[in-house]
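Below is one structure; the comments refer to it alone.
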Amino acid sequence: MAHAPSLQVFRHRPYLHFWSMRVSIAAARQMEAVAIGWQVYNVARDPAGAGGLGWSVEESAFLLGLVGLAQFIPVLLLSLVGGQAADRLNRKMILVVAITVRILVSLALLSSVFLPASYALPIIFGVAVTLGTTNAFTPAAANALFPKLVPRDELPTAIAWNSLGFQTATIVGPALGGLLYAAGGAEAVYVSAILLSAFAVIMLATLKAPAHEKLADARGWEMVFEGLGYIRRNRIVLGAISLDLVVVFFGGAKALLPVFARDILHVGSVGLGLLQASVAVGAVIVAFFLATRPLATKVGAWMMWAVGIYGAATLVFGLSTVFWLSFLALAVTGAADQISVYVRASLIQLATPDEMKGRVSSVSFIFISASNELGEFESGVAARLLGPVGAVVLGGSMAIVTALAWTRLFPQLAHADRFDDVEEQAVKS
C-alpha cells in the first residue's frame with residue numbers, strides 16, 4: 001500500500017478540523033485529569049480539620065481507583081449502544097453533543113473547588129460517571145467519522161497523525177495542568193479546559209463531513225452482535241485489542257502517579273504534571289516517526305516486543321525513588337505503548353467495513369477503557385493490598401508475561417507481516 005507524504009494528509013480540510021478538535025479535547029482531558037487526581041488525593045490526605053478526610057496513603061490511593069471505576073461502569077454498560085448509534089445516527093452531531101456535555105461537567109468541576117470535601121467529592125464522582133457516559137459514545141463516532149475524511153490509502157498516515165496530535169496534547173496538557181494548578185489552583189485548570197472544549201465545538205461545527213448513509217436494514221441489538229461476531233472471527237483483531245486490555249489493566253501506573261508524586265518522589269503538583277506528561281514524551285517521539293515512516297513489515301512482532309518493553313519500563317518506574325529515572329521509565333512506557341496503539345488502530349480501521357466501524361470501534365473501546373478506567377481501579381485495590389510500589393511491580397511483571405502468552409495464543413497476530421496482508425485476510429474471513 002502506498003502511503004501519502006506525511007504532511008499531505010492535512011490538505012483535506014475536514015480532516016484538519018477533525019484533528020484540531022481531537023487535539024483540543026485531548027489536552028482538556030489531560031489537564032482535568034491532573035486537577036481531578038490532585039484534588040481528590042489532597043482531599044483524602046489532608047487532615048480532617050483542614051477540610052480533608054485524613055486518610056492514609058493506601059486509603060487515598062484506593063479512592064483514586066474508585067474514580068477510575070466510576071468512569072468505566074458507564075462505558076461498559078453503554079459502549080455497545082454507542083457503537084450502534086455511530087452506525088445509525090449522524091456521527092458529527094454525536095460528537096457535538098458529547099463535547100457540549102463535557103463543557104457542562106467542567107463547569108461542575110469548577111464549582112467543586114469552592115466547596116468542602118463532603119460536597120466536592122460527590123460532584124467529582126458524578127462528573128466521572130457523566131464523562132464515562134460520554135466516552136461510551138464519542139470514540140465510536142470519532143473512529144467511524146475520520147476515515148471518511150481522507151482517502152483509504154492515507155488512513156495509516158492519518159492514524160499516525162491522530163496519535164501524534166493526541167500524544168502532543170498529553171505532553172502539553174498535564175505539564176500545563178500542573179503549572180496552572182500550582183499558580184492558580186484547580187479553578188485555573190478547569191477554566192482552561194472549558195475554553196479548549198469550546199474551541200473543539202467550533203472546529204466540529206465548521207467541519208464539512210460527507211453525508212452519513214443510514215443503514216437500510218438496521219436491526220437494533222442484532223447489529224451489536226454482528227460487531228461482536230466480527231471480532232470473535234478475526235483472530236488478529238481479537239488478539240490485538242485483548243492484548244491491550246490485559247497489559248494496561250495490570251500494567252498501568254497512571255492512577256497512582258499522585259501517590260508517587262507526593263509521598264515517594266516528593267515533587268508536588270508540578271512534578272505530577274511532568275510525570276503524566278512523560279508518558280506522552282516517549283509516545284510523541286514514536287508517533288512522529290510513525291507519521292513520517294509508517295511500519296511496513298513485521299507489524300505483529302513490533303507489537304509483541306513493544307509490550308515486553310512496556311512491562312520492563314513499568315518495573316523500573318515502580319522501583320525508582322529518583323525523579324529523573326521515574327520520568328525516563330514512564331517515557332519508555334509511552335514509546336512502547338504508542339507502537340501497540342498504532343498497530344491496533346491500523347488493523348481495526350483497515351480490516352473493518354465502513355458500515356460496521358462504529359460497532360467494532362465501540363467493542364474495541366470497551367477493551368481500551370477497561371484497560372484504563374478499570375485498570376485504575378485495579379491499581380487502587382492492588383495499592384491498598386500491596387502498597388503503591390508493589391502494585392506497579394506486579395503490573396510490570398504481568399505485562400511481560402502477557403506478551404509471552406499472547407505470542408502463543410495468537411500466532412496470527414505475532415507473525416502478522418504487512419497491513420495489506422492483514423486486510424486481505426480480514427476480507428476472506
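Along the sequence shown, residues carry numbers from 1.
The structure places CG of L274 at 11.5 Å from CG of L330, a figure rounded to the nearest 0.5 Å. Expressed to the nearest 0.5 Å, how far CZ of F10 lies from OG1 of T157 amounts to 10.0 Å. To the nearest 0.5 Å, atom CG of residue L149 and atom CG of residue L16 are 11.0 Å apart. Atom CZ in F260 sits 7.5 Å away from atom OG in S326 (nearest 0.5 Å). If you take CZ on R102 and CD1 on I25, they are separated by 5.5 Å, rounding to the nearest 0.5 Å. Here I202 contributes atom CD1 and H17 contributes atom NE2; the two are 11.0 Å apart, rounded to the nearest 0.5 Å.
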(Q) Does L131 form a side-chain contact (heavy atoms from CB on, under 4.5 Å) with R29? I'd like the steps, not just the answer. (A) CA-CA 10 Å; L131 289 176; R29 290 181 62 180; over 6 Å; no
- Message: Please evaluate residues N135 and L78 with respect to the criterion side-chain contact (heavy atoms from CB on, under 4.5 Å), reporting the C-alpha separation (whole Å), side-chain torsions for both, the decisive distance (0.1 Å), and the verdict.
- Response: CA-CA 9 Å; N135 287 341; L78 297 174; over 6 Å; no
Open item on the list: Quick one, W406 with V307, criterion side-chain contact (heavy atoms from CB on, under 4.5 Å). Give me CA distance, side-chain angles, the key distance, then yes/no.
Closed with: CA-CA 10 Å; W406 256 240; V307 170; over 6 Å; no
- Message: Would L386 and V393 count as a side-chain contact (heavy atoms from CB on, under 4.5 Å) here? Give the steps.
- Response: CA-CA 10 Å; L386 305 174; V393 169; over 6 Å; no
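The shortest non-hydrogen separation linking I94 to A141 is CG2-CB, 3.8 Å. Considering all non-hydrogen atoms of both residues, P388 and I264 come closest at CG-CD1, 4.1 Å. Across all their heavy atoms, A142 and P147 have their closest contact at O-CD, 4.4 Å. S24 and F199 make their closest contact through OG-CD2, 3.0 Å (heavy atoms, listed as atom of the first residue, atom of the second, distance). Contact record, S106 with I194: CB-CG1, 3.4 Å, taken as the closest heavy-atom pair. Residues G308 and A403 come closest through the heavy atom pair N-CB, 4.0 Å.
Scanning for side chain to side chain contact (heavy atoms under 4.5 Å, CB included) contacts around V286 gives L290, A335, Q338, I339, with sequence neighbours left out. Under the rule for a side-chain hydrogen bond (donor to acceptor under 3.5 Å, both in side chains), the partners of Y190 that lie at least two apart in sequence or sit in another chain are Q39. For the side-chain hydrogen bond (donor to acceptor under 3.5 Å, both in side chains) test, no residue two or more places apart in sequence or in another chain qualifies with D337.
Remark: the backbone N or O of L207 is paired with a side-chain donor or acceptor of K92 at under 3.5 angstrom. Counting only distance, with no hydrogens or angles, the side chain of S320 and the backbone of F317 share no donor-acceptor pair below 3.5 Å. Judged by distance alone, the side chain of R11 and the main-chain N or O of Q8 form a donor-acceptor pair under 3.5 Å. Judged by distance alone, the side chain of R22 and the main-chain N or O of G165 form no donor-acceptor pair under 3.5 Å. Put simply, the side chain of Y15 gets close to the backbone of A158: a donor and an acceptor are under 3.5 Å apart. S340 contributes no side-chain N or O that, together with a main-chain N or O of A336, makes up a donor-acceptor pair within less than 3.5 Å.
With respect to F125, the side-chain contact (heavy atoms from CB on, under 4.5 Å) criterion is satisfied by exactly one of L66, T130, V40: L66.
Contact annotation: the side chain of V34 never approaches that of V189 to less than 4.5 Å [non-hydrogen atoms, C-beta and beyond]. Within the 4.5 Å cutoff, no side-chain heavy atoms of P14 are placed close to those of K148. Side-chain atoms of L176 and S192, non-hydrogen and from C-beta on, never get closer than 4.5 Å to each other. Side-chain atoms of F327 and V281, non-hydrogen and from C-beta on, do get closer than 4.5 Å to each other. Looking at heavy atoms from C-beta onward, M303 lies out of side-chain contact with Y342 at the 4.5 angstrom threshold. When side chains are defined from C-beta on, V267 does not count as touching R262, because their heavy atoms never get closer than 4.5 Å. At a threshold of 4.5 Å between non-hydrogen side-chain atoms, the residues T138 and L95 count as touching. By the 4.5 Å heavy-atom criterion applied to side chains, L272 and Y181 are not counted as neighbours.
Around CZ of F323, the count of heavy atoms belonging to other residues, nucleotides or ligands within 6.0 Å exceeds 12.
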